[in-house]
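See structure below.
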Amino acid sequence: MPALPPARRAALRRRLLAWYDAGHRDLPWRVPQRGADPYRVWLAEVMLQQTQVQAVIPYYERFLRRYPTLGALAAAREEDVLALWAGLGYYARGRNLLAAARAAQARHGGLPASLDALRALPGFGPYTAGAVASIAFGIAAPVVDGNVARVLARLFLVEGEPAAGTVRSRLWALAGELVDPARPGDLNQALMELGATVCVKPAPRCGRCPVAARCAARAAGRERAIPPARGRPARRPLELACALVERAGAVLVVPRPAAGLFGGLLGPPSVELAGEDDPATALARTAREAHGLALAVGEEVARVERTLTHRALTLRGYRCTLRAGPPAAARWVARGEEGVALPTAFSALLATLFSTSRRVRCKNPHSRPGRLADKLARQRSSLTRGSSSV
DNA sequence: AACTCGGGGCG
DNA sequence: CGCCCAGAGTT
């Protein structure tokens, strides 16, 4: 049963597209409105998963300079791709991006102009497949991300958590009826733009909304209550003992397993501490068994605490010495070497080693505007100097 | 359906 | 501090 009478659907499309055309944010991946490069659209969509536009922009530009085409990416090494992803989070995105680039090249000679073929590539879920199909290929496929879910839930007064099965399918059905056959990418982006800039979470700016007069939630006075907050599992503590082996101003790191936290990135050899484990004993055992490292574990010399969405992370750094030569998989990260696949938490831990004061950091550094840009600038400059691993 | 997976911005 | 962010994969 169509929830949307044709006349109303046409009016909504017209208003949304006119509003979008009248002025939307000028974002790097929107530069060529016509003949958009599917690879660029895709890269942006993956980076934007659960990540705000402002955080993505510097990463997007840097990644594109290094890998300007799908073919260039497909030929890349995974460690290099993850080094460009370091700090952005959700590192499975980076690994899947590379895997999908290679698969798309092999199967289709590029990104396929088909919703089903896109959906079959790693990292292409319902949203990303719809976004690339509609924006890059002009296929009339809907998208529902957090923004669209909020806009549609308010516009049509859809109660309940958007993640719940019935609500989710209702939102996708509405998006499917609304998507414009002639301009699917622009209609989808108009919905997302509206959610990001006008129909925002805490206090929607209905005075600037092109469809406020037709909004059911606003008519019911419930626009601030819809949708309800997404229920999240409680944040649990996670304590890692980390082996800090220093040599000639560099610290030893090893690759982490693909599954789990910081999967596929580099980090000092580490072990999760549980219960009454003796950190030194557990660390020496894990280093030996997992990495073939013979370590003499000394005293704790650094501690870093960071809050992730689902984890209260504590890194305890123990000064260690090698009792034998390091295995081949080991790498040395020099001071100031930033073009390395290190997650932010490990970078902070290593930074305490390199700092003259050796002061223990007990909380996240206070964020201030420009900090991210500074960080990216440092990474760029170190990249241009080339990798300086020993 | 519920979990897991980062990191930062903002009220 | 809590909640969110152009979600996807696994169990």
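Just so it is clear: chains get the letters A, B, ... in the order the sequence lines come, proteins before strands, and each one is counted from 1. All values below come from the heavy atoms of this structure, side chains included, with hydrogens, waters and symmetry mates left out.
Per the geometry, CD1 belonging to A:I57 stands 12 Å off P belonging to C:dA6, to the nearest Å. In this structure, A:L349 atom CG and B:dG7 atom P are separated by 13 Å, rounded to whole Å. Between the CG atom of A:L88 and the P atom of C:dA6 there is a distance of 13 Å, rounded to whole Å. Taking atom NE2 on A:H310 and atom C1' on B:dA2, their separation rounds to 14 Å, with Å as the unit. The distance between atom CG of A:L238 and atom C1' of B:dC5, rounded to the nearest whole Å, is 12 Å. One interatomic measurement links the two molecules: CZ of A:R93 to P of C:dG9, which rounds to 13 Å at whole-angstrom precision. A straight line from CH2 of A:W42 to P of C:dA8 spans 13 Å, rounded to a whole angstrom. Rounded to whole angstrom, the span from the CZ atom of A:R311 across to the P atom of B:dG6 amounts to 11 Å.
Taking atom P in both C:dT11 and B:dG6, the straight-line distance is 16 Å, to the nearest Å. The gap from the P atom of C:dA6 to that of B:dG11 amounts to 15 Å, rounded to the nearest Å. C:dA8 and B:dG9 have their C1' atoms separated by 23 Å, with the value rounded to a whole Å.
Taking 4.0 angstrom as the limit, A:R95 places none of its side-chain polar atoms (N or O) nearer than this to OP1 or OP2 of C:dG9. Dashed line: the shortest gap from a side-chain N or O of A:Y91 to OP1 or OP2 of B:dG7 is under 4.0 Å. Within the structure, every side-chain polar atom (N or O) of A:Q50 is placed at least 4.0 Å from both OP1 and OP2 of C:dC5. Distances shown here put a side-chain N or O of A:R150 below 4.0 Å from the OP1 or OP2 atom of C:dC5. For the OP1/OP2 pair of C:dA8 and a distance below 4.0 Å, the side-chain nitrogens and oxygens of A:T128 include at least one atom meeting the criterion.
Side chain of A:R95 to main chain of A:E78: no donor-acceptor pair is present (N/O by atom type, distance under 3.5 Å, no hydrogens or angles). Side chain of A:R66 to backbone of A:V81: no donor-acceptor contact under 3.5 angstrom is found. The main-chain N or O of A:R25 is found under 3.5 Å from a side-chain atom of A:R30 such that the two form a donor-acceptor pair. Without hydrogens or angle criteria, A:R62 side chain to A:L84 main chain gives a donor-acceptor distance under 3.5 Å. Panel note: side chain A:R154, backbone A:I226; a donor-acceptor pair is recorded below 3.5 Å. A donor-acceptor contact shorter than 3.5 Å links the side chain of A:R150 to the backbone of A:G195.
Within the 4.0 angstrom heavy-atom criterion, only backbone atoms of the sugar-phosphate kind lie near A:R235; the bases stay farther away. Heavy atoms of A:A229 sit under 4.0 angstrom from primed sugar atoms or phosphate atoms, though from no base atom. Nucleic acid contact class of A:G195 (heavy atoms, under 4.0 Å, all strands): none.
Under the side chain to side chain contact (heavy atoms under 4.5 Å, CB included) test applied with A:R93, the options A:L48, A:T51, A:T128 reduce to a single match, A:T51.
A salt bridge links A:E159 with A:R222: the distance from a Lys NZ or Arg NE/NH1/NH2 to an Asp or Glu carboxylate oxygen falls below 4.0 Å.
Residues from residues 254-262 of chain A that place a heavy atom under 4.0 Å from any atom of DNA chain C: there are none.
Closest approach to the A:R119 side chain among B:dG7, C:dG9, C:dG7 is made by C:dG9 (side chain taken as heavy atoms from C-beta onward). Of the listed nucleotides (B:dG7, C:dA6, C:dA8), B:dG7 has the atom at the smallest distance from the side chain of A:P343. The side chain of A:K201 lies closest to C:dC4, out of C:dC4, B:dG6, C:dA8. Listed nucleotides: C:dA8, C:dA6, B:dG9. Nearest to the side chain of A:D145: C:dA6. Out of B:dC5, C:dA6, C:dC5, the shortest distance to the side chain of A:R232 is found at C:dC5.
For A:R25 and C:dA6, a side-chain-to-base donor-acceptor distance below 3.5 Å is present, hydrogens and geometry of angles not being considered. Within 3.5 Å, no donor on the side chain of A:Y127 pairs with an acceptor on the base of C:dG7, nor the reverse. Judged by atom type and distance alone, A:T51 reaches the base of B:dG6 through a side-chain donor-acceptor pair under 3.5 Å.
Taking the six-membered ring wherever Trp is involved, the centroid distance between the rings of A:Y59 and A:W85 does not fall below 6.0 Å.
Remark on DNA chain B: of its neighbouring residues A:Q52 and A:L308, the 5'-side contact belongs to A:L308, judged by nearest-heavy-atom nucleotide. Nearest-nucleotide assignment on DNA chain B puts the 5′-proximal partner with A:A163, out of A:T309 and A:A163.
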